[in-house]
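Heads up, the thing below is written out as structure tokens.
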Amino acid sequence: MEKLVITGATPLKGEVTVHGAKNSAIAILPATLLCNGICTLNNVPNIIDVRLSCQILEQLGSKISWVGSNTLVIDNRNVNKTHAPLDLTSKFRASYYLIGAMLGRSKEIEVGLPGGCNLGARPIDQHIKGFAALGATVNLSQGKINVKANKLVGTNIYLDVVSVGATINVLLASVFAEGITTIDNVAKEPHVVDVANFLNSLGADIRGAGTDLIKINGVKSLKNNITYSIVPDQIEAGTYMLAAIATKGDLLIKNCIPEHLDSLTSKILEIGGNVECFDDTIHVWYTKRPNKTIVKTLPYPGFPTDLQPQMGVVLSLASGTSVINESIWDSRFQYTAELNKMGANIIVQGKSAIFEGVENLSGAPVYATDLRAGAALVIAGMAANGVTEVFNLNHIDRGYEKIEEKFASLGAKIKRVS
Ligand code: EPU
């Protein structure tokens with residue numbers, strides 16, 4: 001079993017470049033199925049979830065190759081299957097995007113019910129509601145979901161919860177639907193906008209991505225060739241911002257879009273950290289122990305749930321008592337038990353966690369319980385006195401490319417050990 005061994009309490013210093021967004025790449029990869037030609041994607045993170053997504057597309061008939069370290073060429077001219085491999089699709093969450101994309105392409109798809117990080121209940125009722133409204137028949141049985149339609153017809157769809165996955169999935173299914181589809185109460189995350197930009201570059205007619213209402217004017221076909229660059233990963237960038245504060249460091253974070261991190265920047269400034277934003281670079285540095293604060297996770301542009309555990313590490317070390325309220329996922333505080341092993345003082349009560357700030361953390365063996373929990377424990381290890389071992393790296397490798405190499409280049413004493 002692999003582990004990261006971290007000898008902590010070294011301030012991170014230097015420049016780091018952010019990779020393309022995981023949650024955009026794993027939506028745009030299936031979205032390429034709407035193109036019966038060749039898509040070249042740049043700025044693709046080489047992470048487990050992207051590789052899994054490629055394997056699934058290959059089993060449907062795509063031909064995919066890496067060109068250099070972060071460019072993928074996807075040839076979908078021979079995609080002819082409508083049943084995706086159940087063992088692979090049930091392994092990760094974003095396999096649900098195959099449904100919207102293949103409904104658009106072939107009017108039929110069968111996949112395993114999506115897996116992914118254990119963050120509590122993860123229903124897909126809003127996705128299903130959208131597909132059904134467009135005219136599809138949805139059947140769930142024996143861990144599989146089969147969705148098919150004779151034709152898809154545009155309609156007005158209101159999502160009962162703001163959902164990234166449902167927004168993108170229903171959008172994918174609407175690209176070729178007859179007439180106009182509107183999707184109301186949608187998610188506004190940068191990766192939602194990125195998927196719409198990708199599809200519009202291919203010839204789709206989608207307006208309003210990034211607002212509460214998306215309007216899709218169905219088209220008959222898309223171009224058969226595109227080169228597109230994935231948006232930078234705001235969660236990776238935010239992870240470095242919080243690592244800079246937790247380790248008393250000073251980082252220049254390159255290839256990011258500072259506006260995507262406004263909610264985090266405000267919080268870091270509020271607790272006494274320093275942030276300066278340039279066009280595609282963010283400078284974050286520590287000068288004094290952070291103050292206590294209150295954080296509530298919300299859909300974009302609110303504070304992202306995917307940065308909540310990393311923020312939890314900073315608040316573990318802040319002066320005074322802080323509170324985080326997690327409003328998106330039921331089980332996103334599992335990392336707090338691991339942080340407490342390192343000397344943090346955190347109590348979880350329902351959807352809130354109370355952080356009684358401590359002066360120092362100390363190294364311990366800890367287990368990543370999900371992707372962002374893993375990132376938080378790596379930050380905690382780099383901030384703590386002594387040696388921390390982080391286990392369950394498969395979670396971290398799902399979303400961060402070469403995490404230990406990047407942190408080592410910033411001065412962290414971190415190595416991967418088998
Ligand atoms: N929800 C429903 N019904 C649905 C869909 C969602 O009730 O049909 C609820 C969920 O239970 C949750 C809330 O709506 O309480 C938001 O869920 P959403 O659909 O937005 O989440 P997701 O699409 O499953 C994506 C990211 C997550 C990220 C969330 C929120 C992917 C593959 N995953 O999940 O990313 O936390 O949006 O921003 O894009 C991560 O990267 O670590 C990660 C977990």
Side-chain angles (χ1 to χ4, degrees), residues 19-31 45 47-50 52-53 56 89 91-100 113-133 138 140 145 157-172 183 185-195 230-231 233-239 260 263-264 297-311 325-332 334-335 351 368-376 394-401 403:
H19 57 54
K22 166 184 94 87
N23 288 344
S24 186
I26 57 182
I28 288 181
L29 274 161
I47 51 177
I48 288 180
D49 274 9
V50 162
L52 263 176
S53 208
I56 295 170
T89 50
K91 260 192 199 165
F92 86 122
R93 186 76 189 154
S95 54
Y96 52 43
Y97 291 134
L98 288 172
I99 306 174
L113 279 169
C117 278
N118 175 18
L119 306 173
R122 299 188 76 171
I124 56 166
D125 56 302
Q126 298 303 306
H127 306 229
I128 292 171
K129 168 176 155 169
F131 301 140
V138 182
L140 282 99
I145 173 163
I157 299 162
Y158 176 84
L159 299 181
D160 300 314
V161 288
V162 178
S163 157
V164 171
T167 301
I168 294 177
N169 225 346
V170 180
L171 172 63
L172 293 173
I183 320 173
N185 196 30
V186 293
K188 295 178 278 209
E189 268 70 1
H191 30 291
V192 173
V193 178
D194 205 32
V195 174
I230 305 283
V231 73
D233 195 316
Q234 87 269 24
I235 302 302
E236 189 197 8
T239 300
H260 291 171
S263 59
L264 176 62
T297 64
L298 288 169
Y300 187 84
F303 192 96
T305 173
D306 294 347
L307 287 172
Q308 185 262 100
Q310 301 89 314
M311 185 72 186
N325 179 263
E326 171 58 55
S327 78
I328 312 288
W329 300 119
D330 294 337
S331 304
R332 212 165 206 175
Q334 296 173 69
Y335 73 92
K351 287 178 179 283
T369 47
D370 63 69
L371 167 58
R372 308 303 171 185
N394 55 321
H395 287 301
I396 301 175
D397 294 338
R398 286 189 37 229
Y400 293 88
E401 183 179 326
I403 194 167

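Ligands are counted one by one from 1 in listed order, and the atoms in each one are counted from 1 as well.
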>> Any nitrogen or oxygen of G165, side chain or backbone, less than 3.5 Å from one on ligand 1?
In response: yes
>> Within the structure provided, determine whether E189 and N23 are in side-chain contact (heavy-atom separation under 4.5 Å).
In response: no
>> Please list, in number order, the atoms of ligand 1 under 4.0 Å from a heavy atom of Q126.
In response: 3 (N), 4 (C), 8 (O)
> Got an N/O contact under 3.5 Å between T305 and ligand 1?
Replying inline: no
> What distance do Y97 atom OH and I168 atom CD1 have between them, rounded to the nearest 0.5 Å?
Replying inline: 3.5 Å
>> Once you restrict to heavy atoms under 4.0 Å, what part of R93 touches ligand 1? Side chain, backbone, both or neither.
In response: side chain
>> Taking 4.0 angstrom as the limit and counting only heavy atoms of V161, give me the atoms of ligand 1 inside it, by number and element.
In response: 1 (N), 2 (C), 3 (N), 7 (O), 14 (O)
> Counting heavy atoms only, which part of I26 comes closer than 4.0 Å to ligand 1: side chain, backbone, both or neither?
Replying inline: side chain
>> Under a 4.0 angstrom heavy-atom cut-off, which atoms of ligand 1 come close to S163?
In response: 5 (C), 6 (C), 18 (P), 19 (O), 20 (O)
> Hey, are the side chains of V50 and K22 touching, using non-hydrogen atoms and a 4.5 Å cut-off?
Replying inline: no
> Roughly how far, to the nearest 0.5 Å, is CD1 of I99 from CD1 of I128?
Replying inline: 7.0 Å
>> Looking at non-hydrogen atoms alone, which of Y96, Y300, W329, Y97 comes nearest to atom 21 (O) of ligand 1?
In response: W329
> In terms of side-chain heavy atoms, does D370 have a donor or acceptor partner in H395 at a distance below 3.5 Å?
Replying inline: no
>> I'd like to know whether ligand 1 has R332 as a neighbour, heavy-atom separation below 4.0 Å.
In response: yes
> Quick one: OH on Y300 to NE2 on H260, what's the gap to the nearest 0.5 Å?
Replying inline: 4.5 Å
>> Looking at ligand 1, is there an atom of it that comes within less than 4.0 Å of some heavy atom belonging to A187?
In response: no
> Does a side chain donor of either E326 or T297 reach within less than 3.5 Å of an acceptor in the other side chain?
Replying inline: yes
> Counting heavy atoms only, which of D306, D370, N23 comes nearest to atom 33 (N) of ligand 1?
Replying inline: N23
>> Geometry only, no angles: is L371 polar-contacting ligand 1 at N/O separations under 3.5 Å?
In response: no
> Where does D125 meet ligand 1, judged by heavy-atom distances below 4.0 Å: at the side chain, the backbone, both, or neither?
Replying inline: both
> Does ligand 1 have a heavy atom under 4.0 Å from the side chain of I328, from its backbone, from both, or from neither?
Replying inline: both
> Is H191 in contact with ligand 1, taking contact as a heavy-atom separation below 4.0 Å?
Replying inline: no
> With atoms numbered from 1 as shown, which atoms in ligand 1 lie under 4.0 angstrom from a non-hydrogen atom of K22?
Replying inline: 40 (C), 41 (O)
> Short list, please: which atoms of ligand 1 are under 4.0 Å from a heavy atom of H127?
Replying inline: 8 (O)
> Is E326 touching ligand 1 with its side chain, its backbone, both, or neither, if touching means heavy atoms under 4.0 Å apart?
Replying inline: neither
>> If I take atom CG from residue L371 and atom CZ from residue R93, how far apart are they, to the nearest 0.5 angstrom?
In response: 14.0 Å
>> Show the nearest heavy-atom pair for residues P45 and G20, with the distance to one decimal.
In response: CG-O, 3.3 Å
>> Using the rule side-chain hydrogen bond (donor to acceptor under 3.5 Å, both in side chains), only one of R372, Q234, Q310 pairs with T239; which is it?
In response: Q310
> Rounded to the nearest 0.5 Å, how far does OG of S53 lie from CG of L98?
Replying inline: 6.5 Å
